[in-house]
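Nothing here was measured: the structure is a model prediction, and the numbers come from that model. Counting starts at 1 for both ligands and their atoms, following the listed order.
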Amino acid sequence: MPQTHRTSVCIIGAGPAGLLLSQLLANAGVDSIVIDRRDRAYIEGRIRAGVLEQGTVDALTEAGVGDRMHREGLVHSGFDLAFDGDRHRIDIAALTGKSVLVYGQTEVTRDLFDKRMAEGGCFFFNVEDVTPGALKTHQPTVSFQHDGQPVTVTCDYVAGCDGFHGVSRKSIPADVLRTFERVYPFGWLGVLTERPPVSDELIYANHARGFALCSMRSATRSRYYLQCDADDDPENWSDDRFWDELRLRIGAEAAANLQTGPSFEKSIAPLRSFVAEPMRYGNLFLAGDAAHIVPPTGAKGLNLAVADVRLLARALAERYRSGSTTHIDSYSRIVLARVWKVERFSWQLSNLMHQFPDHTDFERKMQRAEFDYLVQSEAASKTIAENYVGLPLE
Ligand code: FAS
Ligand code: PHB
C-alpha cells in the first residue's frame with residue numbers, strides 16, 4: 001500500500017526554481033511538498049550560474065534569503081566585450097540605472113535550502129520513478145519510489161521544476177507539446193581557481209581562436225570559460241593548456257593581469273537554445289529549465305528560472321488568497337512572451353561572440369562590424385545593457 005500525502009502544490013525538482021517556488025508559496029501561506037531525484041549535497045554542489053539580475057536579487061530578498069547574498073555578492077555596474085583584443089565596456093549602470101550581482105548559483109541554492117529547512121519545508125530526496133498523473137483533474141497526483149517504498153502525493157497543482165532532463169515536460173502529450181531548439185556546434189569548458197580575477201568586471205571575448213569568458217565568484221575565486229568542441233573532453237585540457245589558450249583569447253592587456261593557479265571543477269557544458277510550449281497543461285505548470293534552456297552567454301539561465309517562478313508563485317498565491325484564477329489562466333502566455341525575448345538576447349550574444357565552424361570571412365566581418373557599431377552607438381550598447389540587467393517581468 002503506498003504512503004499517501006496531501007498538499008496544495010507538489011514541486012518536482014529542488015533546484016533554484018523548485019526551492020524558490022516553495023519558499024515564495026510558504027511566505028504566501030501555501031503549503032508544498034518538494035521532491036528531487038538527488039540529495040541536497042549533490043544539488044548544492046553543481047557549479048553553474050554566477051550573475052544575478054536585479055529582478056532575481058529582488059525575488060530572493062522578498063523570499064527572505066537575501067542577507068548573505070547582499071553581504072557577499074559583488075555589485076557590478078558594467079562588463080567588457082572584447083574582439084580580437086579590443087575592449088568595449090558596456091556601462092550598464094549609466095545606460096540602465098541598474099546593476100547586476102555576482103553571486104554563485106551554489107550560494108543561492110544553499111541559502112534557499114537553509115531557509116526551507118529552518119521553516120520545516122517538506123522534502124523527499126533520492127526519489128525514483130517519478131510519475132505525474134491525473135493532470136487534467138482537480139486532484140493531480142505525483143507518484144514515486146522513496147527508500148524503496150511507493151509514495152503518492154495528491155495535490156491541487158504540480159510544478160514541474162525538474163530541469164531539462166526531468167519528467168514534467170514529458171508528461172505533456174506529444175500532440176499538445178511544441179518544442180523549438182537550436183544546438184550550437186560548440187561547448188564551454190569551465191574552470192574555477194582560487195586566484196583573484198583578471199579584472200574587476202566580467203570580460204566576454206571573441207577571438208579568432210574562439211570565445212572566452214573571465215568571470216568570478218569572489219575577490220579570491222575566479223571562474224573562466226573557453227569555447228571548445230561540443231564533443232571535447234576536459235581530460236584533454238591540462239591547466240597549462242587552458243591558461244595558455246585563455247591568454248591568447250583575452251588579449252595582451254588582460255593576459256598581463258591573469259593570475260593562474262590549480263584549476264578545479266573543470267567541466268564542459270553543451271550550448272543549446274530550447275523552448276517548450278505551452279508551460280501549462282491542466283494543473284501542471286513548468287518553470288525554469290524544465291521548459292527552456294538558453295546558452296549561458298547572456299547569463300540568463302538561472303535568472304529566467306527565477307522570473308518564471310515569480311510569475312507562477314503570484315498566480316498560485318492569488319488562487320489560494322482570493323480564488324481568482326486570472327494569473328493561473330494567463331501564466332503560460334505571459335511567461336512565454338518573456339522567455340522568447342530572453343532566448344533572443346542569449347542567441348544574439350552567442351552569435352556575436354563565438355567562432356562558428358561554418359562561418360565564412362563575411363560572417364566574421366559582420367561580427368566585427370557589430371562590435372564596432374556597439375562601440376560607436378550608445379543606443380546599440382543600451383540594447384545589450386537593458387537585456388543583460390534583466391527585462392521587465394511582463
Ligand atoms: P535545475 O536543473 O537546476 O534543477 C532541476 C532539479 O530537478 C535538479 O535538482 C534535478 O535533480 C531534479 N530532477 C530532474 N529530474 C527529476 C525527476 N525525474 N524527479 C525528481 N527530480 C528531478 N545559467 C547561467 O545563468 N549561467 C551559467 O553559467 C550557467 N551554467 C550552466 C552550466 C551547466 C552545466 C548547466 C546544466 C546549466 C547552467 N546554467 C547556467 C543554467 C542553470 O543555471 C539553470 O538555468 C538553472 O539551474 C535552472 O534551475 P532549475 O530550473 O531549478 O533547474
Ligand atoms: C559565471 O560566472 O559562471 C558566468 C557569468 C556570466 C555568464 C555565464 C557564466 O554569462
Ligand 1: which residues have a non-hydrogen atom closer than 4.0 Å?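 Near ligand 1, by chain and number: Ile12, Gly13, Gly15, Pro16, Ala17, Asp36, Arg37, Arg38, Ile43, Arg46, Arg48, Ala49, Gln105, Val130, Cys161, Asp162, Gly163, Gly166, Val167, Tyr225, Ala269, Gly288, Asp289, Pro296, Ala299, Lys300, Gly301, Leu302.
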Any residue meeting side-chain hydrogen bond (donor to acceptor under 3.5 Å, both in side chains) with Arg48, in chain and number order, not counting sequence neighbours: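 Per chain and number, Arg48 pairs via side-chain hydrogen bond (donor to acceptor under 3.5 Å, both in side chains) with no residue.
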Counting neighbours of CD on Glu194 that are heavy atoms of other residues, nucleotides or ligands and sit closer than 6.0 Å, is the number greater than 12?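 Counting other residues, nucleotides and ligands, CD of Glu194 exceeds 12 neighbours.
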Do Lys365 and Asp372 meet the salt-bridge criterion of a basic N to acidic O distance under 4.0 Å?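 A salt bridge is absent here (no side-chain N lies under 4.0 Å from a carboxylate O).
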Considering only NZ, NE, NH1 and NH2 on the basic side and carboxylate oxygens on the acidic side, decide whether Asp244 and Arg241 come within less than 4.0 Å.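 Answer for the salt bridge query: no.
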Testing the basics here: between Ala59 and Leu24, what is the closest heavy-atom pair and its distance to 0.1 Å?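 The pair with the smallest heavy-atom distance is O-CD2, 4.4 Å.
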Contact residues of ligand 2, where a non-hydrogen atom lies under 4.0 Å away: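 Residues near ligand 2: Arg48, Gly50, Val51, Trp188, Leu202, Tyr204, Leu213, Ser215, Arg217, Arg223, Tyr225, Pro296, Thr297, Ala299.
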If two hydrophobic side chains count as joined below 4.5 Å and joins carry through other members, does Trp243 share a cluster with Leu248?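 Trp243 does not cluster with Leu248.
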To which residues is Phe164 joined in a hydrophobic cluster, defined by side-chain heavy-atom contacts under 4.5 Å among Ile, Leu, Val, Met, Phe, Trp and Tyr, whether direct or through other members?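 Via sub-4.5 Å side-chain contacts, Phe164 links to Phe274, Ile293.
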So, is the end of the Lys300 side chain (NZ or CZ) under 6.0 Å from the ring centre of Tyr388 and within 45° of the ring's axis?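 Yes, Lys300 and Tyr388 form such a contact.
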Exactly one of Arg169, Arg178, Arg333 should register a salt bridge (charged side-chain N to carboxylate O under 4.0 Å, His left out) with Glu277. Which one does?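 Result: among Arg169, Arg178, Arg333, Arg178 is the only option passing the salt bridge (charged side-chain N to carboxylate O under 4.0 Å, His left out) with Glu277.
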